[in-house]
Structures are given as C-alpha cells and as structure tokens.
Amino acid sequence: MGVAVPTDANRDLSPYERVVAEIRARIRSGQLRQGDRVPSAREIIREWGVAMATATKVLAALRQEGLVVAVRGVGTIVRGTPGPPPEPPVPAATDERPRPAEVAARSSLSKEAIVQAAITIADAEGLEGLSMRRVSTNLGVSTMALYRHVASKSALVTAMIDQIYAEHALPEPPPAGWRTALEVALRTEWEIYRKHPWAIRLTPLAGAVQATALFRNAEWTMEVITAEGRSPDEAMAILTFISSYTSGMALQGTRAVVEEYEIGVDAEQWWRSREAEFLRIAAQGKYPLTFSISGPPDVQAIFELGMKHLLDGLTPLIEGRRT
C-alpha cells in the first residue's frame, strides 16, 4: 500500500490532524461502519507515512472523540454511535451487577496477563507509550483493577524485565569452557535487546530495576568466571565489560529495529531508500572512506566480530592467574 496523498481539504493540516480528519471522514461517511476495525498504528504508519508517536496520538484522539474504542484481542473498532463518549449508565437499584464483559475481563485478569500486555505495548511503542491506563484499556478493565495484581508501575516494569529474561533463561549447568559459556550469555542478552529494545535502558549494572532475573544472570556469569580462579570483584569487572559491549551494540542496532517497525522495511531497505541522498553527499567528495563501503552495515555480523575480539582480549585476564 502506498502513502496516502493529502486531499485539497486536508492539505494545510499537520500530518496528525490530516490522518485524524481522514479516518473521521471514513467513519462518518459509512465507509467504516459500527464494529469495523480502524487502521492500527502500524497500518497508519504505512498508509500515511507518519511516525509511531503520531499514529498512537491519532488513535488516542479518535478514542477521545468517542468515534472508536479499543477492544482486547480485536484492536480499535468503530463505536456504535459517533460522537462524545456516553456517560456510564447508572445501575438500577434492583441490579447493581457489573456488565458480563467486565465480569469476564476481571475474572481472567492476572499478573501474568498484565505483564504480557505491558510488554506488548512497550515492544510496539517503547516505554514512552506505557502507562497503567494504557494497559488497562488494552485488557478491557479499569485501571484500579490492575493494582490488585501489581503494586505500581515500577513493580510492573520490574516484572516485565523478569518475564523477558525468564523467556531467555541461561542453561543449567553452563556449557563447558568459559568462552563458550560467555558467548551464550552475550548472545542471549543480545537477542533480548533486539527483541525488546526498551529493556536496554532498564538493565545497566547501576541498577535501574532490581529484577530477580538480572541477579540470576549476573550470578550465572560470575560463577563461570570465578571457576577460572578469578575473585568475585574481578568477575564483576569482567561482567561489566561484556554487558556494556552488548548493550552498546544493541543501541547501535536499535535504529534499524525502530525503522523496521515504523515504516515496514528492514535495515537494508532503509539504506536503499536513501540511496539518492547518500549519492548526493558522496558526490561532494568530502567523505571518501565513509561512502566507499559496499552496503549497509550488518549489525549481527559486527556483533559477532566484536564479541570474538572482546573475548580474545579478556582471555589473559580470565586465564592469566589460575589457582
């Protein structure tokens, strides 16, 4: 699908206002009817060529106008009657029971479901898009219902880190040989960061979150290193080296991940789409080495190359004074 071309009526609007106006018009003209699913954030990005933050703002504006409603497991759909959201009905004196849908949502609510919903939101929109209200909306329950299972947003974020690390648990016992074991640890953390870029900000050794999974992984790695005769302090220093490498490389790869999500192309396509711009800069002759490379950097291959040389460099430190 190509990028939507502005109509004459919408040409002077900002990208955000234009998308809202066009989806609103589809609803009011009957093109999108009651119960129809409206374009998702990703579909808005592809059709109108806007960023994720803009697409999210569009859906929020349509919800605020009462035109659409988010339905768990379905997406955002057209409400029954366009216009301001109706006031919640006052229960009759003889029947104060919650609606069946609300009862069902509450009865299925669990900490695991809340954490998974939060991870899904953070994967799509980063930590900036995560809030207790957003999670409750996605789950179809009140915000207060979440607090029966999760004490605070901070506790939720900690649980999210525990969950994604539990899904990538390091093997027990560790592989034979310190180098093989550390390669497993590095690749595992790299995979976590590539799948969940938002986690990079939360897992420095300085302690952004105090998640059990982080302590467990640190203990696993330090046991591998101390088995070679190193002290706990030396093991912690080495752990800091390798963790800093992984998170730093992940930050280098984050842009490619964001671009792949936001405009539906991979890193190589992103580079190719800017070929004309790069050729214009290269023609100036100011950066001959920069523009002599054969193509876009292969982040995965660079990570593997850097890991090899990092572990080569750590070999004397780890094996130098065996006891």
Side-chain angles (χ1 to χ4, degrees), residues 115 118-119 122-123 126-127 130 154-258 297-323:
V115 170
I119 290 171
D123 286 348
L127 292 176
L130 179 66
S154 176
L156 174 59
V157 170
T158 298
M160 291 164 63
I161 292 294
D162 270 329
Q163 177 64 29
I164 63 175
Y165 272 79
E167 292 171 356
H168 297 79
L170 295 172
E172 291 291 355
W178 70 264
R179 185 174 185 123
T180 300
L182 293 189
E183 286 177 351
V184 168
L186 280 160
R187 289 193 180 106
T188 298
E189 192 166 50
W190 170 252
E191 183 179 352
I192 291 171
Y193 288 154
R194 294 289 284 164
K195 187 175 181 182
H196 308 287
W198 52 269
I200 302 171
R201 293 164 48 186
L202 300 175
T203 56
L205 293 177
V209 295
Q210 303 298 319
T212 302
L214 297 181
F215 294 131
R216 185 166 56 246
N217 278 28
E219 187 75 8
W220 189 97
T221 305
M222 292 177 68
E223 284 178 355
V224 168
I225 299 168
T226 55
E228 299 297 315
R230 304 286 65 81
S231 70
D233 286 343
E234 290 171 321
M236 177 57 75
I238 293 168
L239 171 61
T240 303
F241 296 156
I242 63 177
S243 182
S244 298
Y245 170 72
T246 308
S247 59
M249 277 298 303
L251 284 172
Q252 291 293 320
T254 296
R255 182 62 181 173
V257 171
V258 170
D298 184 337
V299 178
Q300 182 67 41
I302 294 172
F303 171 79
E304 292 287 337
L305 178 65
M307 179 176 67
K308 175 185 180 301
H309 288 290
L310 173 65
L311 296 179
D312 286 347
L314 288 174
T315 298
L317 183 59
I318 294 175
E319 297 182 352
R321 301 193 309 277
R322 293 185 182 273
T323 57

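Index from 1, following the sequence. What you see is a predicted model, and the numbers here were worked out from it, not measured in a lab.
Looking at heavy atoms from C-beta onward, Glu234 lies out of side-chain contact with Ile225 at the 4.5 angstrom threshold. When side chains are defined from C-beta on, Asp162 does not count as touching Val115, because their heavy atoms never get closer than 4.5 Å. Residues Leu130 and Met160 are in side-chain contact: their nearest non-hydrogen atoms beyond the backbone lie under 4.5 Å apart. Considering only heavy atoms from C-beta on, Trp198 comes within 4.5 Å of Ile164 through its side chain.
Partners of Ser247 according to the side chain to side chain contact (heavy atoms under 4.5 Å, CB included) rule, which considers only residues two or more places apart in sequence or in another chain, are Tyr193, Ile200. Under the side chain to side chain contact (heavy atoms under 4.5 Å, CB included) criterion, Leu310 pairs with Ile242, Tyr245, Leu314, not counting sequence neighbours.
In this structure, Glu183 CD and Trp178 CH2 are separated by 8.5 Å, a value rounded to the nearest 0.5 Å. Taken from CD in Glu189 to OG1 in Thr221, the straight-line distance is 8.0 Å, to the nearest 0.5 Å.
Under a 3.5 Å cut-off, the side chain of Trp220 and the backbone N or O of Pro171 do form a donor-acceptor pair. Panel note: side chain Arg230, backbone Ala235; no donor-acceptor pair is recorded below 3.5 Å. Although no hydrogens or angles enter the test, the distance criterion places a donor-acceptor pair under 3.5 Å between the side chain of Thr226 and the main chain of Glu223.
Between Arg179 and the options Val184, Val224, Asp312, a side chain to side chain contact (heavy atoms under 4.5 Å, CB included) holds for only Asp312.
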